[in-house]
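These values consider heavy atoms only, across backbone and side chains, with no hydrogens, waters or symmetry-generated copies. Everything quoted here is computed from the prediction, not taken from an experiment. Residue indices begin at 1 and follow the sequence shown.
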Amino acid sequence: MARYSSEIIDEVRQSNDIVEVIAQYITLKRSGRNYFGLCPFHNEKSPSFSVSPDKQIFHCFGCGVGGDVFSFVSKINGYSFFETIQVLAERANITLPVLENNVDTAREEFKSKVYKVNEFAAEFYHKRLYEPVSKPAQEYVKKRKLSNETLKSFKIGYSGNFDELYQELTKQGFQEPEILESGLVNKNEKGKYIDRYRKRLIFPICDVRGRIIAFGGRVLDDSKPKYINSPENIVYSKGRHLFGLNVAKKHDIKKRLLVVEGYMDVISLHQRGINNVVAALGTALTENQGYLLRNNTEQIILSFDSDEAGQTAINRSINILQKMRCDIRILQMDGARDPENPDRFIKDPDEYVIKLGSARFNKVMDRAISVIEFKVKNLKKKLNIENTNDRIKFLKEIAKLIANIDSSIEREVYIEKISKAYNISREAVYAEVNKLTYTKSNDKSKLNENKKVISNKTIEHKENVSKAIINRENTIISLLLTGDSSIYEIIKQNIKKEDYQSQINKQIAIKLYEEYEKGDININTFLDELNEEEQSHVTKIMMDDYEIEDKEKAIDDILLAYEKEKLNQRKYDLINLIKTEEDEAKKEEYEKELKDIIVKLVRIK
């Protein structure tokens, strides 16, 4: 199977500084030689995620995950190694050579076929939209005031009856595995193939690189369900993508991105010049979608429906984005009346921009409110603040919200703003907030103490091997990771693979020995060949930074420790043999050997 050469992989690695790449996903702050931030792979409040610019590795001391720039990009985006190379090469403006079959593995080859099925299907549906049989779809897009340019830009299409797509796919030479995997065709119990999308307006869904990964289909009558979407498959995981991001990225989206609910909101806004807009492919945002947003913009504006489902989704999305320290705003279209029917209010961005124009909509985005203001506003709707009890409850709930803000400056601003807006004494808000923040800081201290104890126990009892032995073996691995062949020769002659007692260290040592035997060991390449558990263990050893100044002395100390350990083990064996041996000659022989071992142990001490 074709692969990129180690020279190409090294060039891509060296052109993508790990600190710069990771800083696109999380906030990093320098502390000493390394950078620290909140781990994107588990929930935490104190930064335990470390990035080393010197070693070009990362390691989380909280969950244990670690690796290099390739493993980080692969893990956070769900990419294969092959896809990761392509993405990072593109970031560094490196032109990759064309590989035979353009695949890295059998899985990649299959994925390539599914992408081609999707590409053909999108083109097939799009062409069909312009045919006479597609009159219902043509009337719908005309009613929604979609231009021909927009239809082509988003490749909007129309699906036909029963198995029309399946028949066309087979004519093109596509086989059953890739056709069924795409989710575009189902196979029933009788063995017949039926198109998933029939008589629906089709919206192709693309990944950030513009590859078609899935489809959404909308009915044009009152039948249910209104929308159906592609099932998750080898190329599509809905929680990892955002509809329209591939189109939005062609414009300047660094300042802010609007997140809406539906395809039509995205498409309609794009047509009218609002290009910084995407849609979540589900009810609420996922963590991976959060990182996509964080990676592409500074400010995220949320605009979901005002119904119960929409409000639940917006609150879930806020929780996810707040953990990532994102700048979140909530779009407010309150009071926007329909000019054609002044008694009703406009509900969604699509309708707003069509009836009131993009200039007014941009101003609405400018006025999007903060999360605290949004929560206070919702709280006020539930309470009658003219009522004394409700007013007290309102004050206490506001104080809870403000107390959760880490920044004292932000707390100050919100206390000032809210006390004026709702005619509440600043002093009263301050007092309640201060009381809560004091309690919170005490609880946090106790929690951190408990966490430390638990963390140490976890590390200590992970393997039934003493801490001293694990530290010694970690030191050996650290010495081998220097890439010094002379050190390897000494270690190889004295420490066999079976001498390692920690299973993870034994696995890594075996692989390191094999790499040294090949000659010209490349530690970066070696790291890429390890599995996730091994990679995390190696990066922890590298992050621990043993700082061995005298390598020869370190090796001598290790070898001495091994010799002492072996002599002690033989001493105990001989004591047991002497106790049970009946042959006097053999007993005398064991006793003599035991005396020699004791003398050697005394000399070692």
How close do [X] and [Y] get, counting heavy atoms only, and between which atoms?
X: Leu302; Y: Ser317; result: CD1-CB, 4.1 Å
X: Gly239; Y: Glu232; result: N-OE2, 4.3 Å
X: Ile18; Y: Val69; result: CD1-N, 3.6 Å
X: Ala92; Y: Asn16; result: CB-ND2, 3.9 Å
X: His537; Y: Asn474; result: NE2-OD1, 3.4 Å
X: Thr84; Y: Tyr79; result: OG1-CB, 3.5 Å

Measure from the side-chain N and O atoms of [X] to the backbone N and O of [Y], and report whether any donor-acceptor pair falls under 3.5 Å.
X: Tyr236; Y: Ile205; answer: no
X: Arg91; Y: Asn93; answer: no
X: Lys586; Y: Glu581; answer: no
X: Gln56; Y: Pro53; answer: yes
X: Ser50; Y: Phe36; answer: no
X: Ser502; Y: Ile470; answer: no
X: Thr297; Y: Lys254; answer: yes
X: Glu591; Y: Ile578; answer: no

Close side-chain approach of [X] to [Y], heavy-atom, < 4.5 Å:
X: Arg209; Y: Asn246; result: no
X: Val87; Y: Glu90; result: no
X: Ile476; Y: Tyr500; result: yes
X: Phe49; Y: Tyr35; result: no
X: Asn186; Y: Asn188; result: no
X: Leu293; Y: Cys326; result: no
X: Leu527; Y: Phe70; result: no
X: Ser485; Y: Tyr516; result: yes

Output all residues satisfying salt bridge (Lys or Arg N to Asp or Glu O under 4.0 Å) with [X], sequence neighbours left out; order by chain, then residue number.
X: Glu532; answer: Lys75
X: Lys400; answer: Glu397
X: Glu489; answer: Lys492

Is it the case that more than 12 heavy atoms not belonging to [X] sit under 6.0 Å from its [atom1] atom?
X: Lys511; atom1: NZ; value: yes
X: Arg316; atom1: CZ; value: no
X: Glu119; atom1: CD; value: no
X: Lys249; atom1: NZ; value: no

From CA spacing to verdict: side chain to side chain contact (heavy atoms under 4.5 Å, CB included), Leu96, Val12
CA-CA 9 Å; Leu96 294 171; Val12 173; 4.3 Å; yes

So, are Lys496 and Asp499 salt-bridged, with charged N and O less than 4.0 Å apart?
no

Glu515/Lys518 salt bridge by N-O under 4.0 Å criterion:
yes

For Glu410 and Ile372, run side chain to side chain contact (heavy atoms under 4.5 Å, CB included): C-alpha distance rounded to whole Å, both residues' side-chain angles, the deciding distance at 0.1 Å, then the answer.
CA-CA 10 Å; Glu410 275 188 67; Ile372 295 292; over 6 Å; no

When Arg240 is tested against each of Asn288, Asn77, Thr286 for side-chain hydrogen bond (donor to acceptor under 3.5 Å, both in side chains), which residue passes?
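The single option meeting the side-chain hydrogen bond (donor to acceptor under 3.5 Å, both in side chains) with Arg240 is Asn288.
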
Starting from the C-alpha separation in whole Å, work towards a yes-or-no answer on side chain to side chain contact (heavy atoms under 4.5 Å, CB included) for Ile26 and Leu38.
CA-CA 7 Å; Ile26 64 171; Leu38 294 172; over 6 Å; no

Inter-residue atom distance [X].[atom1] - [Y].[atom2], 0.5 Å rounding:
X: Leu530; Y: Ile508; atom1: CG; atom2: CD1; value: 6.5 Å
X: Glu517; Y: Tyr513; atom1: CD; atom2: OH; value: 10.0 Å
X: Asn319; Y: Leu285; atom1: CG; atom2: CG; value: 11.5 Å
X: Leu481; Y: Leu512; atom1: CG; atom2: CG; value: 5.5 Å
X: Leu245; Y: Cys206; atom1: CG; atom2: SG; value: 10.5 Å
X: Leu281; Y: Gln289; atom1: CG; atom2: CD; value: 6.0 Å

Looking only at side chains, do Asp54 and Ser52 share a donor and an acceptor under 3.5 Å apart?
no

If we ignore angles and hydrogens, is there a donor and acceptor under 3.5 Å between the side chains of Thr27 and Arg294?
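Looking only at side-chain atoms, Arg294 and Thr27 do form a donor-acceptor pair, the distance falling under 3.5 Å.
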
Is the distance between the ring centroids of His59 and Phe61 under 6.0 Å?
yes

Near-ring test Phe72/Phe41, centroid separation under 6.0 angstrom
yes

Contacts satisfying salt bridge (Lys or Arg N to Asp or Glu O under 4.0 Å) that involve residues 568-577 (not counting sequence neighbours) are Arg570-Glu593

Where do Asp68 and Lys55 land on the side chain to side chain contact (heavy atoms under 4.5 Å, CB included) test, with the steps shown first?
CA-CA 9 Å; Asp68 61 4; Lys55 296 168 185 173; over 6 Å; no

Can you check side chain to side chain donor-acceptor pair (under 3.5 Å) on Gln24 and Asn296, steps first, answer last?
CA-CA 8 Å; Gln24 292 180 312; Asn296 284 284; over 6 Å; no

Sorted by chain and number, sequence neighbours left out, side-chain hydrogen bond (donor to acceptor under 3.5 Å, both in side chains) with Asp207 holds for Arg211

If you look only at distance, which donor and acceptor atoms sit under 3.5 Å apart when one is on a side chain in residues 176-184 and the other is two or more places apart or in another chain?
residue	atom	partner	partner atom	Å
Glu176	OE1	Lys187	NZ	3.4
Glu176	OE1	Tyr193	OH	2.2
Glu178	OE2	Gln175	N	2.9
Glu181	OE2	Ile234	N	2.9
Ser182	OG	Ile179	O	2.6
Ser182	OG	Leu184	N	3.2

